[in-house]
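Beneath this line is the structure, given in structure tokens, with notes to follow.
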Amino acid sequence: MQEKYLPSEIERAAQAQWAARQAYRASDASERPKYYCLSMFPYPSGKLHMGHVRNYTIGDVLARYHAMRGFNVMQPMGWDAFGLPAENAAIANGVPPAAWTYANIDHMRAQLKALGFAIDWSRELATSKPGYYRWEQWLFTRLFEKGVIYKKMATVNWDPVDATVLANEQVIDGRGWRSGALVEKRDIPMYFFRITQYADELLSGLDNLPGWPERVKTMQANWIGKSVGVRFAFPYTRDGKDEQLWVFTTRADTIMGVTFCAVAAEHPLATRAAQDNPALAAFINECKQGSVAEADMATMEKKGMDTGLTVTHPLTGEQVPVWVGNYVLMSYGEGAVMAVPAHDERDFGFAQKYGLPIKQVIGVEGETFSLDAWQEWYGDKARGRCVNSGKYDGLDYAAAVDAIAADLAAKGMGEKKTQFRLRDWGISRQRYWGCPIPIIHCDRCGDVPVPAEHLPVVLPEDVVPDGSGNPLNKRADFVNCACPQCGSAARRETDTMDTFVESSWYYARYACPDFDGGMLDARANQWLPVDQYIGGIEHAILHLLYARFFHKLMRDEGLVASDEPFVNLLTQGMVIADTYYREAADGKKTWFNPADVELRDGVAVLKSDGQPVTVGGTEKMSKSKNNGVDPQALIDQYGADTARLFTMFAAPPEQSLEWSDAGVEGAHRFLKRLWKTVYEHVQGGVVAAFPHPNPPPLAGEGANAEPKPINDAAKALRRQLHQTIQKVGDDIERRKQFNTAIAAVMELMNALARLDGDDDVTRSVRQETLEAAVAMLAPIVPHIAEALYAELRPGAALAWPAVDESALVQDEIELMLQVNGKLRGQIRVAAAADKAAIEAAALASEAAQKYLEGKPPKKVVVVPGRLVNIVV
RNA sequence: GCCGGGAUGGCGGAAUCGGUAGACGCAGCGGAUUCAAAAUCCGCCGCUGGUAACAGUGUGGGGGUUCGAGUCCCCCUCCCGGCACCA
């Protein structure tokens, strides 16, 4: 055995050996129970970042652990290959997005292999390949024919200078990121998935996901946002015609307090009023500026303008003024809202600002309504009883809503309605590097889906976008085609799909990536649902909701048999690091990578020039803040095992992980010590492990089943060993707390180092401990574990150690002794002692005597196995 | 703004069901080894007072429940994630 721990050597050897025997190839035909372990696939941005290392190490630990426990494990990997960054790189460097993407994939695949992940590479896929997106296009045409996909107008961010639709990310302070032009809202036609049709099932299905974190389920439930309310109309007459302004409210009980209505800038009523009102027209134009992002809408200053029009209150008959409000969105509900300033925070602010009347219609007994205390009237208190509401006075929330809905229905002016906050999913993107939408526009036949036999609609890969518009529009060979129905000249749709579509079903395609006869084959149901899904918490809502939705779409197409795609979900925290920057005179910040910064006399300075930089706080590793730590340098210096050990040890998986170079050093030190401990033991000759229920046969020792006499120190170590086996299995399998699993093995190794003696029994206990410790670490640091186990048990395959129950038995245990809840000492009692015996022992103890001063205790609390608390 | 999460030594974190706060690791300090250094090994290490034994105090802030609260309840502050075209 090599005396020195040489990571690069043993890692290369282990990886070559795994590849040679195809160790991680998942069998489609196995007797063993399946375990499908999936990590969210990466966007091929260039090179792996620490978030990837963390994500895939978590998945690999679980995959390897389950393989050691006898499961038929599948851990696949692929590439979320379409997306905006490829186009940005194209604009910056003049490289086609395809070439850039595939080069990145090659580099990142090599990095993943260097980390030693137990991935079945035979199932690798990239979403930008026609063999993949072909089936996405096929499903699109099926759903289009079923009406699950439809077309409607939707609002986008429009850059008037670049003549391009911008992603929210590309809008900075209301301006286009490249042009700096003020962004405008613009309505364009888009294709939508009718996800709202599945809203109820997506909501109720959360109850069948006990393996998901509560917080993710809560976020999804709030996102779907089911609410029962009332949709009703304010009638009005215009140009001699009777018309209606429809609104939706969850607070119909406050309908008698309506003092105005507010409509979106794009609302037909606003458009009409603006025709002979230049000031209003100007205001509407102003409203149309800025981004469409909800966060921007919600935080901007609430502004409005009177249209001069009024509508009739459906119950009181009063005239109600109609305002245009910049906070009312055309795409939400009806594009119009009723306003009750007394009982809605936003309406209140608006009314205060523009001097609109405020009318209290809800009261809480014993409390006086006052404008100063208006905030008090939200939450539970808002659900008081009706006042100043005529016939509805005295009714509570539910009764008032029922009565008001009934009266509106009787007049044909409204009805109860279940409303979801969830909106249909718009998937059209005016971008090149995505999956083409398989639609052909024919002047005669309209929107015609591309027939299955003509799929895939292949995206040309030699295009270089320039940042203005979609380059596909300039490709006559792509655009011009014949209508599949009538054969006349037609135009191909040039919008591509939202990349969330590709990531909504890739998990299913891994079961049968080579199948070219359809989207999925029978192997999908063999492997699905995914047993464990791992990915960042930032995907808690959108990606995970879309994937659940897609699973139900595929189920309803008869492609999968299950209702939900992911049985267990682990949402890992972010990897964060310090940020450093310098600010120029014009306020522009230049960010420096932590690797280029060092501390000199407590001041952060740039290594290159020694001048100070400003410390900008600890944030998610990102390109924009230039605080990403390149895992490659770490692997080169310490090896993959150290990188894996550190990322698993530094924080529990669900919390954010703060990067630290010093911690890496500690992880490496532990592996060196482990290597040395095994080396020293092996130098003395390997022996059979201490007898336990399944004595492992070792050449020369035979079936040595005679129990050997064992001293107290070795017995104590064996107790700790088997407690550790119990704990580590529980930490990995149930708790998914790898940091404490590692800490427990470290403690065990520290205890082993203190075990003296070179007799046969002690050596066999040492052998047992080392075998188990190496096996327990194998899922986390597989290369070194492989090498060490081969020295400890030549020829044997790594196996998870079994717990020896008999080693756990204790005769005497220590309890803590509290007086008035404060720790004052310990007592030793027999492990089997009952409450009375424990109490007697406690009262007889020196510490108890000291604090009781001869007086009887007021109360004694005995928690067997834990403590005694004496109240004096 | 709305929804979700977090805050524990100098640092990362542990305390799994309300029961020894600070496991494990990093940094630091002291010692051994060495010509010297690196590496390695041993010891100390929340704060305040004390030579020490020990005492007091301590889990973002304020209040509450309990024999007992980092953990449960109410209020507050700050930080982070998501907000539908970043992935």
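Side chains are part of it too, since the values below use all heavy atoms of this structure and drop only hydrogens, waters and symmetry mates. In what follows, chains are A, B, ... by sequence order, proteins preceding strands, each numbered from 1.
- Residue A:Arg54 comes nearest to A:Pro652 through the heavy atom pair NH2-O, 3.0 Å, listed as atom of the first residue, atom of the second, then distance.
- In this structure, of B:G82, B:U20, B:A55, it is B:A55 that holds the atom nearest to the side chain of A:Tyr851.
- In this entry the base of B:G9 is syn relative to its sugar, with a glycosidic angle within 90° of 0.
- When the C1' atom of B:U16 is taken as reference, atom CZ of A:Arg735 falls 4 Å away, rounded to whole Å.
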- Query: Reading RNA chain B 5' to 3', how would its secondary structure be written in dot-bracket notation, given Watson-Crick and G-U pairs with both distances under 3.5 Å, brackets [ ] for crossing pairs and | for partners on other strands?
  - Reply: (((((((..(((......[....))).(((((.......))))).((((....))))..(((((..]....))))))))))))....

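- A:Met190 comes within contact range of at least one nucleobase, with a heavy-atom separation under 4.0 Å.
- Rounding to whole angstrom units, CD of residue A:Gln720 and P of B:A23 are separated by 15 Å.
- Note on A:Val871: only backbone sugar-phosphate atoms sit closer than 4.0 angstrom, heavy atoms only; bases stay farther off.
- Side-chain polar atoms of A:Thr164 and A:Asp159 form no donor-acceptor pair below 3.5 angstrom.
- Between A:Asn168 and the phosphate of B:A84, there is a side-chain N or O to OP1/OP2 separation shorter than 4.0 Å.
- Within a 6.0 Å sphere centred on CG of A:Asp173, heavy atoms belonging to other residues, nucleotides or ligands number 12 at most.
- Stacking of A:Arg346 on the aromatic ring of A:Tyr327 is not recorded, the 6.0 Å distance cut-off and the 45° axial limit not both being met.
- Proximity note for A:Arg423 (side chain, C-beta onward) versus B:C86, B:A15, B:A84: the nearest is B:A84.
- Among the protein residues, A:Ala650 comes within range of the sugar-phosphate backbone only, with heavy atoms under 4.0 Å from sugar or phosphate atoms but none that close to a base.
- Using modelled atom types and a 3.5 Å distance limit, the side chains of A:Arg178 and A:Gln170 yield no donor-acceptor pair.
- Here, B:A27 and B:G81 have their C1' atoms 30 Å apart, quoted to the whole Å.
- Across all strands shown, A:Val156 has heavy atoms under 4.0 Å from base atoms, whether or not it also approaches the sugar-phosphate.
- When rounded to the nearest whole Å, the span between CD of A:Gln430 and P of B:C86 equals 13 Å.
- When heavy atoms are screened at a 4.0 angstrom cut-off, A:Pro652 is found touching the sugar-phosphate backbone but no base atom.
- Among the atoms of the strands shown, base atoms are found under 4.0 Å from some heavy atom of A:Arg429.
- Annotation: B:G64 and B:G13 have their P atoms spaced 32 Å apart (nearest Å).
- Here A:Phe646 and A:His668 keep their ring centres 6.0 angstrom or further from each other.
- Backbone-only contact: A:Ser656 has heavy atoms under 4.0 Å from sugar-phosphate atoms and none from a base.
- Residue A:Glu814 places its CD atom among more than 12 non-hydrogen atoms of other residues, nucleotides or ligands, all under 6.0 Å distant.
- Taking atom CZ of A:Arg54 as the reference point, atom C1' of B:G12 lies 11 Å away to the nearest angstrom.
- In this structure, the ring of A:Tyr43 has its center no less than 6.0 angstrom from the ring center of A:Phe82.
- Toward the 5′ end of RNA chain B lies the nearest nucleotide of A:Asn222, the other residue of the pair A:Arg421 and A:Asn222 mapping further downstream.
- If you take atom C1' in B:U20 and the same atom in B:A39, they sit 37 Å apart, rounded to whole Å.
- Of the side-chain N and O atoms in A:Asn739, one or more sit less than 4.0 angstrom from OP1 or OP2 of B:A14.
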- Task: Could you please spell out the steps behind the ring-ring contact (aromatic ring centres under 6.0 Å, His included) verdict for A:Phe738 and A:Phe649?
- Result: CA-CA 7 Å; A:Phe738 313 114; A:Phe649 181 60; over 10 Å; no

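- Using a 90° window around 0 for the glycosidic torsion, B:C17 falls inside it and is classed as syn.
- Donor-acceptor pairing under 3.5 Å, judged by distance alone, is present between the side chain of A:Gln818 and the base of B:G19.
- Between A:Tyr507 and A:Phe41, the ring centre distance reaches or exceeds 6.0 Å.
- Distances shorter than 4.0 Å separate some side-chain N or O of A:Thr499 from OP1 or OP2 on B:A87.
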- Query: In B/S/- notation, 5' to 3', how is nucleotides 24-33 of chain B contacted by protein heavy atoms closer than 4.0 Å?
  - Reply: BSSS------

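- Going from atom CG of A:Leu422 over to atom P of B:C3 covers 17 Å, rounded to whole Å.
- No more than 12 heavy atoms of other residues, nucleotides or ligands lie within 6.0 Å of NZ in A:Lys47, so this atom counts as exposed by the packing criterion.
- Using a 4.0 Å heavy-atom cutoff across all strands shown, A:Asn869 reaches at least one base atom of the nucleic acid.
- Here A:Met297 lies out of heavy-atom contact (under 4.0 Å) with every strand.
- When the P atom of B:A87 is taken as reference, atom CG of A:Asp498 falls 7 Å away, rounded to whole Å.
- A:Phe670 comes within 4.0 angstrom of no nucleic acid atom, judged by non-hydrogen atoms across all strands.
- Using a 4.0 Å heavy-atom cutoff across all strands shown, A:His543 reaches no nucleic acid atom at all.
- In the set B:A87, B:A14, B:C83, the nucleotide with an atom closest to the side chain of A:Trp223 is B:C83.
- For A:Lys152 and A:Phe192, the positive end sits near the middle of the six-membered ring, less than 6.0 Å away and at most 45° from its axis.
- In this structure, A:Thr299 reaches the bases: a heavy-atom distance under 4.0 Å links it to at least one base atom across the strands shown.
- Judged by distance alone, the side chains of A:Asp495 and A:Tyr191 never bring a donor and an acceptor atom under 3.5 Å apart.
- Taking atom P in both B:C72 and B:G5, one finds a spacing of 12 Å when rounded to whole Å.
- Within 3.5 Å, no donor on the side chain of A:Lys822 pairs with an acceptor on the base of B:U20, nor the reverse.
- Straight-line distance between the P atoms of B:G22 and B:G28: roughly 24 Å, to the nearest whole Å.
- The CZ atom of A:Arg866 sits 8 Å away from the P atom of B:U16 (whole-angstrom rounding).
- Ranking B:C86, B:G4, B:A14 by closeness to the A:Gln655 side chain, first place goes to B:A14.
- Rounded to whole Å, the C1' atom of B:G4 lies 47 Å from the corresponding atom of B:C54.
- The gap from the P atom of B:U77 to that of B:G56 amounts to 35 Å, rounded to the nearest Å.
- Among the atoms of the strands shown, base atoms are found under 4.0 Å from some heavy atom of A:Lys727.
- Ranked by how close their nearest RNA chain B nucleotide is to the 5' end, A:Gly83 and A:Ala753 are led by A:Ala753.
- Following rounding to the nearest Å, A:Gln737 (CD) and B:G12 (P) show an atom-to-atom distance of 17 Å.
- Nearest nucleotide to the side chain of A:Gln826, out of B:A87, B:G82, B:U20: B:U20.
- Centroid-to-centroid, the aromatic rings of A:Tyr546 and A:Trp505 stay 6.0 Å apart or farther.
- One P atom belongs to B:U33, the other to B:A38, and the distance between them is 15 Å to the nearest Å.
- Among the protein residues, A:Val171 comes within range of no part of the nucleic acid, since none of its heavy atoms lies under 4.0 Å from any strand.
- Distances from the side chain of A:Val861 to the nucleotides B:C67, B:A14, B:A87 place B:C67 closest.
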